Amino acid sequence: AQQTTSTDAASATTVPVADLHEPFNGDPVEVALVQQSGAGDYFTAWTAGANAQAAAINIDLTVTDARNDNAKQASDLEQAIASNPDAIIIDHGQTDTLEPRIRDAVDAGIPVIVYDLALEDTDGVIVTSQSDASMASGVLDQLIADVGEGANVGLVSAEGFAPLDRRKAVWDEYVTDNDLNEQFFVGEVTESTATDNIPLVDAALKQYPDTQAIFAPYDEITKGVVQAVIQNNLQDSVKVYGIDISNADIEVMIADGSPWVATSATDPAAIGAAVVRALALSLAGELDETDVQFPAITVTQDFLLENDITNVSQLRDAEPSLLLDDVVVADWLPAVSS
Amino acid sequence: MTTLTVVSSRPIGERVLDGVAKWGFVAVTVALIAFFMITEPNFRTVDNVFGMLKYIAPVGIAGLGVTLAMTVGGLDLSVGANAGFAVSIAAWTLVVAGQVGGVAVGVVLLSGALIGALNAVLIVFAKIPDLLATLAVMFTVVGLKLIIVDGKSISSQMTLADGTTAPGRFTEDFLWFDRGMIGPVSVPVILFVALTALVWFILDRTRWGRALSAVGSNPHAARLAGIKVRAYRAAAYIGCGILASVAGLLLAARIGQGDVSAGNSLLLDAVAVALVGVSVLGIGRPNAWGTALGAVLIAVMVTGFSMMGLPYYIQDFGKGIVLLVALLFSFTFRRRATTISAGSTTAS
Amino acid sequence: MTTLTVVSSRPIGERVLDGVAKWGFVAVTVALIAFFMITEPNFRTVDNVFGMLKYIAPVGIAGLGVTLAMTVGGLDLSVGANAGFAVSIAAWTLVVAGQVGGVAVGVVLLSGALIGALNAVLIVFAKIPDLLATLAVMFTVVGLKLIIVDGKSISSQMTLADGTTAPGRFTEDFLWFDRGMIGPVSVPVILFVALTALVWFILDRTRWGRALSAVGSNPHAARLAGIKVRAYRAAAYIGCGILASVAGLLLAARIGQGDVSAGNSLLLDAVAVALVGVSVLGIGRPNAWGTALGAVLIAVMVTGFSMMGLPYYIQDFGKGIVLLVALLFSFTFRRRATTISAGSTTAS
Amino acid sequence: MLSNVAEANDHPVVRLSGVGVRFGSNRVLEDISLDLHSGSITALLGTNGAGKSTLIGALSGANPHYTGDIAVGTSVEGTAAGVVAERISSPAHARRAGIETVHQRISDGIVSGLSVADNLVLTDLAAGGHHLARRRETEKAARSALARLSLDWSDEVLRADAARLGTSDAQLLILARALRQSPSVLILDEPTSALTAAEADRLFDVLRTLRDEGLAILFVSHRFGEIERLADRIVVLRDGALVLDAPRPFDWQAALAAMLGVPAELQQHIENPLPPGDPVLHIDGARLVAGAPALSLTVHAGQVTGILGLLGAGKSELAETIAGARPAAGASMTLDAERFAPKTPAHAIAKRVVLVPEDRQRDGIQPGWSISRTVGLPVLSAVANRLGVVRTGRERELGSEVIVGFGVVATSADTSLDDLSGGNQQKVIVGRWLRTSPRLALLDEPFRGVDIGARRTIGEAARRQAETGAGVVVLSSDVDEILDVADRIIVLVAGRIALDTPAGVLGRADIVNALLDDSGHSKETA
Ligand SMILES: Nc1ncnc2c1ncn2[C@@H]1O[C@H](COP(=O)(O)OP(=O)(O)OP(=O)(O)O)[C@@H](O)[C@H]1O
Ligand SMILES: Nc1ncnc2c1ncn2[C@@H]1O[C@H](COP(=O)(O)OP(=O)(O)OP(=O)(O)O)[C@@H](O)[C@H]1O
Ligand SMILES: [Mg+2]
Ligand SMILES: [Mg+2]
């Protein structure tokens, strides 16, 4: 299959095939990337990063996107195993759904690497993740610093989505430990998450206009929350804390009078690329750990404004650690992302 | 010669039943509003009322489009895709092409009309049944949108493919479509009410509306009565496309960026309010005020239930139950059976 | 005595056009399959063929349900919600109640039949138009499901409200519905083919099928002919409900947990394949094999496009274009059915 | 045999006592008491809207919401003293009781999407029996049903979608289906209005045989000639009440008076045929039926041109071609000496050429629309003001104009067309076109299903129109209808003009002979 990589950055840094490490110096290495979702800004960037890194090191990446349909992801994985690739990357998913099939792959001798997927049995599988716990605690520390203990707060999130559930667990701890007064918990994840959350938060704010801070641990939701706060003219009294970052998010954060004061950030493109590198290192026999964590940083509105940052590339320049270009690299395997 | 029969006055019982059928849905809505007003002090505020209307405006306007399509006996499954396309194309015009709001509005309306025209050509000239044609257009338009924007949301200051920063941004005059006020009322609310009145006026008061419903109720007979059936069907789909793109315009101004997921959930809502509109006032056919009322009912439920602090999943259940009760009032107690023609799967 | 009208043999041109209308859709599918077979070596494998069929089985089976509802002239918007409910209720029975697979299957089928019966009661007895009734049921069932599971996905080892760990798990006999093989063919594929054949047989070969079509195409005439119109309509919706729950059963076995989002995307797909089924074989009315073929076409596109490495959004566009081309073949080139002369003027 | 019939006549098989029906507040039938005897044909007469179909609705189970009692079959027999009341609760129930019904509307009897053969055995679907639908068995059963009416349809026809049948064939299908059940009571609601004379004759032969076999037959018709030939007894309904019940010999003058409520003339002939005026429309090179020669015809203003032809002669084809409803395919036309090539009905209407289509249900009615909306539809631009806003008052005036002018039985101009009796629907559709003062009016089977009074109303309206200088064309397959109204008579046989004569020159027999010429029918002797 022909891989479509529209990224010019990739071709610029491609190492000649012959100079690559085993097994990348011969025929293209067939890798299947089985995604739970490839849609939305985060995953689009993630996939682009993975594609760029793969193209640079002679990996032929076949991407399937289940579009949040877990049954389809199960089928995609089965079909990936049936096509007997050199390795499989799994990006997000449901443990119970994927675990038995991952075992099938391991039993069939196919190397498997997972990203942000909790497994009970990680035997023979490389596990990578961006730490939800650290992301959440990063912004929540900022929240406590801003509004103090015992403040009136609200949570806008949905249940039933693994990363959101993990972030909520951290939130619940912070609420108890800091004696926060949780006034409301609303929110949903839909096909149009940003727009569909506006009325929910709008109603909550009408009910509790004295709210001081809102935690919205998913940037699509955060955008809806910001909209609802502005709609109620409460941007001076309500602070919003989010998770994730994108060009679109930065635009919202730096807008005049934006209530979104802090977010936790990784660079999805860099992460997508790093996952592919981790796989490459392991295929080359050079990866010594089986559990790779990618660090997140907390980005505040003030930081963005002070440094005149208006998009992700400028943020990368200001915070080079986002690029992850010193994580899972080798001489023959430099970091490449879109 | 034959004489006119005198109408005898109808028994009370029947009149009560007719009243229930006619006003049952409205009564449920009013009862719900009253309930929320009593239990939730914040529900009563003027701000909240306008807030609800503002929130529901895009759904209501897209629903008006569906009402048009239903009037000619069809259904348009591409309204959500159309609105989503409008969001992205508006963002592209403003941010990437760096144009002002007026240009973006023009581009959006044009794209809506073109998508409507594509539906019209497929249905009227290529004779593909409306449900199938609009389904195919839905996929195509969603795909086209994503191809144009490369699957990404467009926002100001984004880096373009050539490495430069996008020159434009969402201009104030464009954002006015969400934030602007005329007197105490915001622009989306005014647009919603104005478009409802316009669609009502056209459908109910003008000869063109008459012709549209004639086409919907018996196209064959309409043709023999001298109605240009194909032109009217085409016009209805183009009108529907334009209304869908207006809904997209409001969404774009609200989100303030070219959110790729915008519009996805609009289809079901728009079809739902148009369907509810058929029954709301006991009219039994697609109508503008009914559709608007259907939209308001949904907004009231979403806002009221949220204020009560119910989790979203109890809201779904509540929506279902309220809808059921209202439907029971509207149809079960009515003496004449109604069938809603909502699209066909066979060529006409 | 009577003279027979001689049937003149039809001109070649007409027969070609008829062939295009009848086989155009199939030709597009075959062309697409051939294309993928040539360009994608993996597409050719037997594994892949069965994999595709297995993947599409739930959509196909739910589509068969929609086909039933369409046969009696209706449509069922609650199939996705029904299947989603089946997933959660199966998980609840297995994990929380700790029952074995057989019990879960029974509970699932029963819930599907009940949801179908609820639709039937609303449509047949409460006289609510089918689109509205099934829309309201859709909301209610989704809400009910989320209330039952507290908005959470149910998985083995989960902590219950009382702090204990759930006693059960997805048993092997339940998972057999996804992983089991009979000979070289997996259980979902066998179920899909068997149910398609069953629905085809009932609709095309039994008198109940004839009665269902009669009810769908002219309920008034069917009633006057003594057909129990209400019973048949109710039966169709109950059948549709059961088929939707079978689809949910397969999804549950595949996902291996009570995923709350399961079934969300099923509605549009099921309606799409049933609609495509109407046109696929040039039959022009809902039919089982057409629906199955529609499902296969979608599976081929999704798999083939993914293998080609196209991003998801190009796949949408591709789906739209393929659908459009196939529809053009099926409808645009179709000749209008003409009046036939039965030759009933006779010499006496 | 004969003595059997006489004996059977003493026993009613159906007894209606005090039957009443109301729709909403509108009481349509009041206190009807009537016996139907086996071995006897009863003709049911009444003006349009008198309640004939409503009575049949109650008898056939189609409308179980009647008051009073209907006793049937065994419950009547053997209870000489009194009858056991029984409620006919559904069509299936009526059929079990031995009542078979052919309803007035053909669309109530044909299920499109199913094959012709399936439609012929439609009632089997409800009756039980074999669960598999076996095509060969079905076609065999279908064939034997058709044989009853001496019909022999080809396999191609039997397997075709029933929707493709023409009106007469569809009517024959429904009749054949009704007869195959060997019922004890047969009810026919205007079965001949869509049949040609030859087909009607064949039907009558069958009905006489059935009567002799002991069936009780109730028969609705507006054609006195038919009734005179067939019926043993006439029953007249007026405004929902039974006003006359008379055995042979029939006093038609009295029957007509009973129907209309006022004395009226039975026969009506054209006294002074109008002479042809200027040519209005000329058509040249029209091929109406496959294989027929091209036809040329000039229609003159100031008179009614009657076009007579059997089923499939090409009448509708001709009318629809002129009205732009069908591609002209090689035909060229002039209207008032100017080229006339309408591509759609809208073009023709703009030139004031209007068509009253033969199938009002399919081609004339918007379901659920009121009389005034229906009347206003073809003249929307006149009904609306300059801004396009419909003036509802004006619309209602037009509706009332048609109601009064054509004697439509309706509560008001806002009454839905769905609630009108068949004949009254027809009056509305004819009326809405004639009131537009067309240049050329084409009336395709305008008398189908209308009562004698309405037939005169429509006929007079057509003649008045002609007298104002318009061209009027009436197309029909009934000789008497044409003789009643036409100043010039054209007989169309298989797409070709077989006769063209001014009225009053040739006798009825000559015209009938021209009609049957070439078609293999036995000729009628003068
Ligand atoms: N479903 C209905 N609802 C309301 N009124 C009805 C309905 N059906 C019939 N009517 C009214 O009942 C009256 C009798 O109608 P019916 O059809 O029995 O007349 P008919 O004698 O059969 O006339 P025709 O000769 O025209 O067939 C009419 O005035 C008609 O308007
Ligand atoms: N669309 C069509 N395509 C081919 N043949 C047709 C079509 N419509 C009608 N015919 C045939 O043309 C001939 C004339 O039909 P037409 O309907 O004009 O007859 P008619 O004289 O009006 O008879 P009827 O009494 O049935 O109205 C018939 O043989 C008919 O089968
Ligand atoms: Mg009648
Ligand atoms: Mg005709």
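In what follows, every chain begins at residue 1, and chains take the letters A, B, ... in the order their sequences are listed. Please read all numbers here as calculations on a predicted model, not as lab measurements.
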- Under the ring pair (Phe, Tyr, Trp, His ring centres under 6.0 Å) test, which residues partner C:Phe305, sequence neighbours left out? C:Phe36
- Message: I need the residue from B:Ile321, B:Ile147, B:Leu77 with the largest number of non-hydrogen atom pairs under 4.5 Å to chain C.
- Response: B:Ile147
- Message: Do B:Val79 and B:Cys240 make a side-chain contact, defined as non-hydrogen atoms from C-beta onward lying under 4.5 Å apart?
- Response: yes
- One option among C:Leu144, C:Leu122, C:Leu135 has the most heavy-atom pairs under 4.5 Å with chain B, and it is C:Leu144
- Part of B:Val276 within contact of chain C (heavy atom distance under 4.5 Å): both
- Please tell me if the side chains of C:Ile148 and C:Phe85 come closer than 4.5 Å, counting only heavy atoms from C-beta onward. yes
- Message: For a quick test of reading the model, state the closest non-hydrogen atom pair linking C:Gly241 to C:Asn82 and the distance between them.
- Response: O-ND2, 3.2 Å
